[in-house]
Protein chains: 2
Amino acid sequence: MSVAARVLDVLGAFTDATPVLTLTEISRRTRLPLTTTHRLVGELAAWGALERAESGAYRVGLRLWEVGSLAPRGVGLRERAMPYLEDLHEVTRHNVVLAVLDGAEVVYVERLSAHDAVSIRSRAGSRMPATATGVGLALLAHADPELVDRVLAAPVRRFTPATVVDPAEIRRLLGEVRRTGVAISVQQIELVSQSVGAPVRDATGVVAALSIVVPAESNPHAYAPAVLAAARGISRALTGVNGALAR
Amino acid sequence: MSVAARVLDVLGAFTDATPVLTLTEISRRTRLPLTTTHRLVGELAAWGALERAESGAYRVGLRLWEVGSLAPRGVGLRERAMPYLEDLHEVTRHNVVLAVLDGAEVVYVERLSAHDAVSIRSRAGSRMPATATGVGLALLAHADPELVDRVLAAPVRRFTPATVVDPAEIRRLLGEVRRTGVAISVQQIELVSQSVGAPVRDATGVVAALSIVVPAESNPHAYAPAVLAAARGISRALTGVNGALAR
DNA sequence: GCGATTCTTCCGCAGAGCGGAAGCGATGTC
DNA sequence: GACATCGCTTCCGCTCTGCGGAAGAATCGC
C-alpha cells in the first residue's frame, strides 16, 4: 500500500457518524500502526486538511472543505441548480433533493427541507443505493446499460415492504421512466413518503437528477409537470454559456 | 518534501479559477516532475479524490467533496445556521453571508444572494482578508490579541478609497465592535455596499460571524437588531443539545 | 505527413518513510 | 499518594517504496 493510499485512508476514516476522531481511533480504523498514523495526521494537519479540536482530537479541516467545494459535480452543480430547486420548494412546500450517480449509489448534493414536510433520510453528502429512490431511478434509467446490469446482478436492498427488489420489475420501471420522463418511487424508502424525480442533462448527457418527496397519500402525477420544469430549467442552465460541468 | 505533502500539493493546485486541470498543468503548478504527478494523480483518481473528465483532464472528485462536507466548521456550521440565515435573508431581501476565521483571513461558508441585491464578491469557499469586511471585523474583535497584532503588523490590503488601512484606526473599530456587539464596515470592499456583521458563539467562544450586505446609501444601524437576533439564534443552536462544533 | 505536445510505461538507484521501542503526561483506581 | 492504564510523542536504523530519467505511444495542429 502506497503512502498516497495511506493518506487517503486516513481521510476516509472520517464519516458522517464519526466526524471527530482521536489519533488512536484513526489508527484503529485504518489499521495503520500508531506511529505511522501520527506522522501522516501531523502532515495533514500542517496543511489544513485536518484540524485539531481543543480536546486534541482531529476533525476535517477547512482547507479540505475548500478544495472539496471545487468539485464540479458537487458545488458547481449545486450553485447552478439552487434557484430552480428553491422555486420548486417554494411552490410546493415539500422536500426537494438533488443527487448524482457514483457507481451503484446516488450521492445527495443538496436537500431543501421544509419544517412541515414529511421526514426524509438523506442529507447533503450522504449516499443511498440507486435502485429505490426517485433520483436513483431517474439516473439509472439513463445510465450505461452495463452499469444497470451490474447493479441488478447484486441483491437489491429492501427498506420497506413496498421496496421493489425484483430485477425484472426494476427494469420495467426504468423503461417507464424513459418513456414518461419522470421517475416515481412509491413508499420504497419509507412508508410515509414517495418521490417524483427527473433527470438533469448537460451537453454531454444526464449528469444529475432531482426529485421532490411528497406524502404517500398524495397523487404523485400531480407533481410531474413542476418537477420536469425544474429539471429542464437546470439542464438549460448547465448547457448555457459555460458549457458542461466537466469543461 | 514528503509524499503526503506532494499529494496535498496536487490537491492545492485546484483553485476557484481553475477547477479543471490537465496532467501537465498540475505538474507545472506543483513543480513536480511529470512522472511523479502522473503516479500521484492516478492514485488520487483511483480513490475518488479526483475524477477524469471526458477530455482527459482532472477535476476534484465527489469522494473528496463528501469528506470535505464533514468539516464541522464548514457544513456542520452551515446546516445549523441555515434557517436563521434564511429568515434574515427573507425579511431583508439583502445578501447574507456566514464566515469563519482561518489565520488572518475569513473563509466564507455560505452566501445567500438575492437577485435584486447589491453585487458581492464572496462565494462559498472563497477567502478574503479579515480586516475590511463586516464578518472579518466581528471575528477579529473577539480573536486572540496576538493574532490581531500579527494581522496588523503586515500592511493591510486596500480595496476602495474608503478601506481603513491604518492599524490604530482598525483597533479603534475593533473596540467599537466589542462595545456595541455589531461590526459595521462602510464601503470598504466596494463603494456601492456596506456590511453589518455580528459574532456567533458556541460553548467555547466565538467561532463564526454573519453579516448582511446592504446598499451604501442605507442606514446600517437599522439592520443591527435583525443581525444580532440571527447571530444569537445561531449561537443558541450551537450551544444546544450537541454542544460545541468540535465536540 | 511531420513536428510538437501531452500522456503512459518501464525500471534501477537512493533516500524517505516505516514502525518497534522507549519516554512522557494525563486520568482513573485503590 | 502510589500505581496502573491509556493515549500521545520522539527517536532512529533498516528496508522497501517511491523517484524520476528515458523512451515510446497517442493525439493534436499545421
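Just so it is clear, the model here is predicted, and its values are computed rather than measured. Note on naming: letters A, B, ... go to the chains in the order of the sequence lines (proteins, then strands), and numbering restarts at 1 for each one.
Spacing between atom CG of B:L40 and atom C1' of D:dG20 amounts to 12 Å, rounded to whole angstrom units. Counting to the nearest Å, the P atom of D:dT9 and the CG atom of A:L34 are 9 Å from each other. At whole-Å resolution of the value, CG in B:L23 and P in D:dC28 are 16 Å apart. One atom, CG of A:D9, and another, P of C:dG17, lie 17 Å apart when rounded to the nearest Å. Across the protein-nucleic acid pair, A:I26 atom CD1 and D:dG7 atom C1' stand 13 Å apart, rounded to whole Å. Summarising the geometry, the separation between CZ on B:R31 and P on D:dC19 is reported as 18 Å, rounded to the nearest angstrom. The separation between B:E25 atom CD and C:dT5 atom P is 15 Å, rounded to whole Å. For the pair A:R29 CZ and D:dG7 P, the computed distance is 14 Å after rounding to whole Å.
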Taking only distance into account, with no hydrogens and no angle test, what donor-acceptor pairs under 3.5 Å do side-chain atoms of residues 1-19 of chain B form with protein atoms, sequence neighbours excluded?
{"from": "B:S2", "atom 1": "OG", "to": "A:E43", "atom 2": "OE1", "distance (Å)": "2.1"}
{"from": "B:S2", "atom 1": "OG", "to": "B:A5", "atom 2": "N", "distance (Å)": "3.2"}
{"from": "B:R6", "atom 1": "NH2", "to": "B:M1", "atom 2": "O", "distance (Å)": "2.7"}
{"from": "B:T15", "atom 1": "OG1", "to": "B:A17", "atom 2": "N", "distance (Å)": "3.3"}
{"from": "B:T15", "atom 1": "OG1", "to": "B:T18", "atom 2": "N", "distance (Å)": "3.1"}
{"from": "B:T15", "atom 1": "OG1", "to": "B:T18", "atom 2": "OG1", "distance (Å)": "2.8"}
{"from": "B:D16", "atom 1": "OD1", "to": "B:R123", "atom 2": "NE", "distance (Å)": "3.1"}
{"from": "B:D16", "atom 1": "OD1", "to": "B:R123", "atom 2": "NH2", "distance (Å)": "3.2"}
{"from": "B:D16", "atom 1": "OD2", "to": "B:R123", "atom 2": "NE", "distance (Å)": "3.4"}

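Residue B:R28 places no side-chain N or O under 4.0 Å from the OP1 or OP2 atom of C:dT5.
Atom CD1 in B:I234 sits 11.0 Å away from atom OG1 in B:T239 (nearest 0.5 Å). Note that the CG atom of A:L101 and the CZ atom of A:R73 stand 7.5 Å from one another [nearest 0.5 Å].
Scored by the salt bridge (Lys or Arg N to Asp or Glu O under 4.0 Å) test, B:E86 finds no partners at all (sequence neighbours excluded).
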Show each protein N/O and nucleotides 19-23 of chain C N/O combination with a separation under 3.5 Å, one pair to a line.
{"from": "C:dG19", "atom 1": "OP2", "to": "A:T36", "atom 2": "OG1", "distance (Å)": "2.8"}

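Of the charged side-chain nitrogens involved, at least one lies within less than 4.0 Å of a carboxylate oxygen, so that A:R78 and B:E110 count as a salt-bridged pair.
Geometric assessment of A:R63 against the ring of A:W47 yields a positive cation-pi assignment under the 6.0 Å and 45° thresholds.
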